[in-house]
Amino acid sequence: MTADDTVLVIGAGQAGVQTAEALRTLGFAGGITILGDEVHAPYHRPPLSKAWLAGEMDAAQLTMRSADVLARKNITLRSGVTVSFIDRAAKTVRLADGSSLPYTGLVLATGATPRSLTLPGASAQGVLALRSRDHASGIAEHMAHCLDQQLGVVVIGGGFIGLEVAATARKKGLAVTVLEAAPRLLGRVLAPVLSDWYAALHRSHGVELVFNAQIAALEVDVAGAVSGVRLADGAVISAGLVVVGIGVSANDQLAAAAGLECDRGMVVDACGRSSDESIVAAGDCTARRLTDGSLLRLESVQNATEQGKSAAAALMGQERPFTATPWFWSDQYDKKLQMAGLSMGADSWAVRGDMAGDINVASFSVFHYRQGRLIAADSVNAGKDHLAVRKLLDAQVSPTPAQLADSSCELAALIKK
Ligand SMILES: Cc1cc2nc3c(=O)[nH]c(=O)nc-3n(C[C@H](O)[C@H](O)[C@H](O)COP(=O)(O)OP(=O)(O)OC[C@H]3O[C@@H](n4cnc5c(N)ncnc54)[C@H](O)[C@@H]3O)c2cc1C
């Protein structure tokens, strides 16, 4: 691409900002405009369920890039602007106000939308999902109201976002019940042994956990506000706030309407490329085609950042596949979980550190093996293990379970071997 070209980025989140900045780093001298439908300048999403919701962070700390910082890189940010259509033949995008903008390169970085409940009472006031800064503000307001009125909080869904919200609510002194449809917490991402540990952690902080929960309806008061959750057995858990954390759907509607391949996300290759050479995508809106033909959907800061760099390189005609080991983190109470690799399909594991001891001072890692090979590790308050295991996985080094379980065995030394 040359200085006469124009790149439009749809979505002013982690992936959109990363792609725009990576284009500049790679020497692109043409126009770059980021179009974002939120009114806020790009901000960090992870703190929304953690420090921001707890009131421990200000707006400046939450902001990822202000319009001024982007302008200094010659990147234009247009906030509060929704793209409603992509015309691939004309190489233009149509905005919700009816105007059109031309592009030579287009980046889709539209993120994802929380799944909503389809139950009676689900649209009552005080039934909230968490994806955006505005959602977090709404939840914080309702939490303050619940504290004031001594009302409880129900979290529907024992995944990362639900559990982080539960931990933050407990920190504020709220009574919290988590309703999980499955028999364990974090069932899609953690091995059973860790699900049990997280259940014990939340119980030790006073959270009520209900597994195999079948919800019949949300109870609504005469003013239209939620007052509780009714289970299928007739039991009612009263609540002034219900936070729904039951997963997200990729925002791939624009891509699908433009005739680009979508399958629970816009399908891209390891370089963020679509079937249209002018169009790339990055972040939560994508589904990445792996070499064996399967699709991988990741929702993480690392994925948005790395795919953004790859997508920028692809627009510049360069090959930069994202093949690094996936990693993710979650903060609940004073425990930092750091995950490296994907543990799906693991058939055995080894533990390093003290997982069975006092939960308050826990620091350990669980290493997952499939057919004798190390495929992933989950570390709790064990940052050094996490950094080392990422290097082991990147280098495809697979120490024995005995080596990893031995705390006197230096992990960094295993990489050198
Ligand atoms: C509460 C919360 C906690 C999280 N915690 C962690 C964590 O601890 N660790 C971790 O790794 N990840 C975490 N994540 C996930 C991580 O934040 C996301 O994976 C990452 O933000 C994805 O970035 P993205 O740019 O793809 O999408 P987003 O950040 O969602 O950005 C997409 C943007 O595009 C906008 N948009 C959509 N459609 C249009 C349109 N048609 N026109 C214009 N704009 C549009 C959206 O409104 C949005 O602003 C968390 C997410 C949430 C919500």
Side-chain angles (χ1 to χ4, degrees), residues 8-20 33-54 62 64-65 77-86 93-97 101 106-114 128-137 139-140 155 157 159-165 167-168 189 243-245 247-258 265-266 268 272 281-288 297-308 311 326-332 335-340:
L8 294 181
V9 180
I10 311 176
Q14 188 81 43
V17 169
Q18 183 63 59
T19 313
T33 299
I34 304 178
L35 306 162
D37 57 5
E38 295 187 64
V39 293
H40 309 289
Y43 58 88
H44 299 285
R45 247 165 248 280
L48 296 180
S49 47
K50 310 175 182 84
W52 175 260
L53 187 59
L62 190 73
M64 188 189 308
R65 300 286 187 276
L77 172 68
R78 291 185 60 186
S79 299
V81 170
T82 303
V83 174
S84 54
F85 187 70
I86 300 167
V93 302
R94 194 161 66 227
L95 307 185
D97 67 6
L101 295 172
L106 184 65
V107 181
L108 277 101
T110 46
T113 300
L128 302 170
L130 176 52
R131 178 75 193 178
S132 68
R133 181 175 157 173
D134 293 343
H135 292 157
S137 302
I139 291 174
V155 174
F160 283 122
I161 290 182
L163 293 179
E164 289 184 350
V165 169
T168 304
V189 284
V243 179
V244 181
V248 297
S249 309
N251 290 334
D252 60 3
Q253 301 86 345
L254 281 177
M266 178 175 156
V268 293
D284 284 13
C285 67
T286 66
R288 189 181 354 146
R297 256 193 63 65
L298 295 173
E299 295 149 19
S300 70
V301 167
Q302 180 218 17
N303 183 58
T305 306
E306 292 300 320
Q307 276 192 322
W327 54 262
F328 186 83
W329 81 95
S330 171
D331 298 323
Q332 296 166 45
K335 303 289 183 281
K336 181 175 283 295
L337 170 68
Q338 291 169 290
M339 308 168 73

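Heavy-atom basis, side chains included; hydrogens, waters and symmetry copies ignored. Indexing begins at 1, ligand by ligand and atom by atom, following the structure's order.
- The closest protein non-hydrogen atom to atom 32 (C) of ligand 1 is Ala109 O, 3.3 Å.
- Under the side-chain contact (heavy atoms from CB on, under 4.5 Å) rule, Ser300 has a single partner from Trp327, Trp329, Phe328, which is Phe328.
- At a heavy-atom distance under 4.0 Å, atoms from both the backbone and the side chain of Trp329 approach ligand 1.
- Of all the atoms in ligand 1, the ones that sit under 4.0 Å from a non-hydrogen atom of Gly13 are 25 (O), 29 (O), 31 (O).
- Using a non-hydrogen distance threshold of 4.0 Å, Gly36 registers as a contact of ligand 1.
- Taking 4.5 Å as the limit, some side-chain heavy atom of Ser49 sits within range of a side-chain heavy atom of Val165.
- Taking any N or O of Gln14, backbone or side chain, at least one lies under 3.5 Å from an N or O belonging to ligand 1.
- When only interatomic distances are considered, the shortest N/O to N/O separation between Ser300 and ligand 1 falls below 3.5 Å.
- Taking every non-hydrogen atom of Glu299 and a distance limit under 4.0 Å, the qualifying atoms of ligand 1 come out as 19 (O).
- Looking at Ala304 against ligand 1, only its side chain comes within 4.0 Å, counting heavy atoms.
- Of the heavy atoms in Lys50, only side-chain atoms (C-beta onward) come closer than 4.0 Å to ligand 1.
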Per-pair distances, 0.1 Å, donor-acceptor, side chain in residues 10-20, under 3.5 Å, sequence neighbours excluded:
residue: Thr19; atom: OG1; partner: Ala15; partner atom: O; Å: 2.6

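- At least one N or O atom of Glu38, backbone or side chain, sits closer than 3.5 Å to an N or O atom of ligand 1.
- Residue Thr82 has no N or O atom closer than 3.5 Å to an N or O atom of ligand 1.
- Of the protein's non-hydrogen atoms, the one nearest atom 37 (C) of ligand 1 is Thr110 O, 3.1 Å.
- Contact atoms of ligand 1 toward Val81: 42 (N), 43 (C) (distance under 4.0 Å to a heavy atom of the residue).
- At a 4.0 Å heavy-atom cut-off, ligand 1 touches Leu254 through the side chain alone.
- At least one N/O-N/O distance between Arg131 and ligand 1 falls below 3.5 Å.
- Met339 has its side chain within reach of Phe160: a pair of non-hydrogen atoms, C-beta onward, lies under 4.5 Å apart.
- Considering backbone and side-chain atoms alike, Asp37 places an N or O below 3.5 Å from some N or O of ligand 1.
- Put simply, no part of Leu298 is less than 4.0 Å from ligand 1, judged by heavy atoms.
- Atom-to-atom distance recorded for Lys50:NZ and Thr168:OG1 is 8.5 Å, nearest 0.5 angstrom.
- Screening Arg131, Arg45, Gln307 for a side-chain hydrogen bond (donor to acceptor under 3.5 Å, both in side chains) involving Asp284 leaves a single residue, Arg131.
- The nearest heavy-atom contact from the protein to atom 27 (O) of ligand 1 is Gly111 CA, 3.3 Å.
- The protein heavy-atom contact nearest to atom 14 (N) of ligand 1 is Pro46 CG, 4.2 Å.
- Among protein heavy atoms, the minimum distance from atom 3 (C) of ligand 1 is reached at Ser49 OG, 3.5 Å.
- Of all the listed residues (Leu35, Val248, Val83, Val301), Val83 holds the heavy atom that lies closest to atom 42 (N) of ligand 1.
- In this structure the side chain of Leu35 reaches within 4.5 angstrom of the side chain of Val93, judged on heavy atoms.
- Of the protein's heavy atoms, Phe328 CE1, 3.2 Å lies nearest to atom 10 (C) of ligand 1.
- At least one donor-acceptor pair closer than 3.5 Å links the side chain of Ser84 to the backbone N or O of Arg94.
- Between Asp284 and ligand 1, at least one pair of N/O atoms sits closer than 3.5 Å.
- Summarising the contacts of atom 2 (C) of ligand 1 with Asn303, Val9, Ile161, Leu48, the nearest heavy atom is found in Ile161.
- Taking a cut-off of under 4.0 Å to the non-hydrogen atoms of Gly283, the atoms of ligand 1 that pass are 26 (O).
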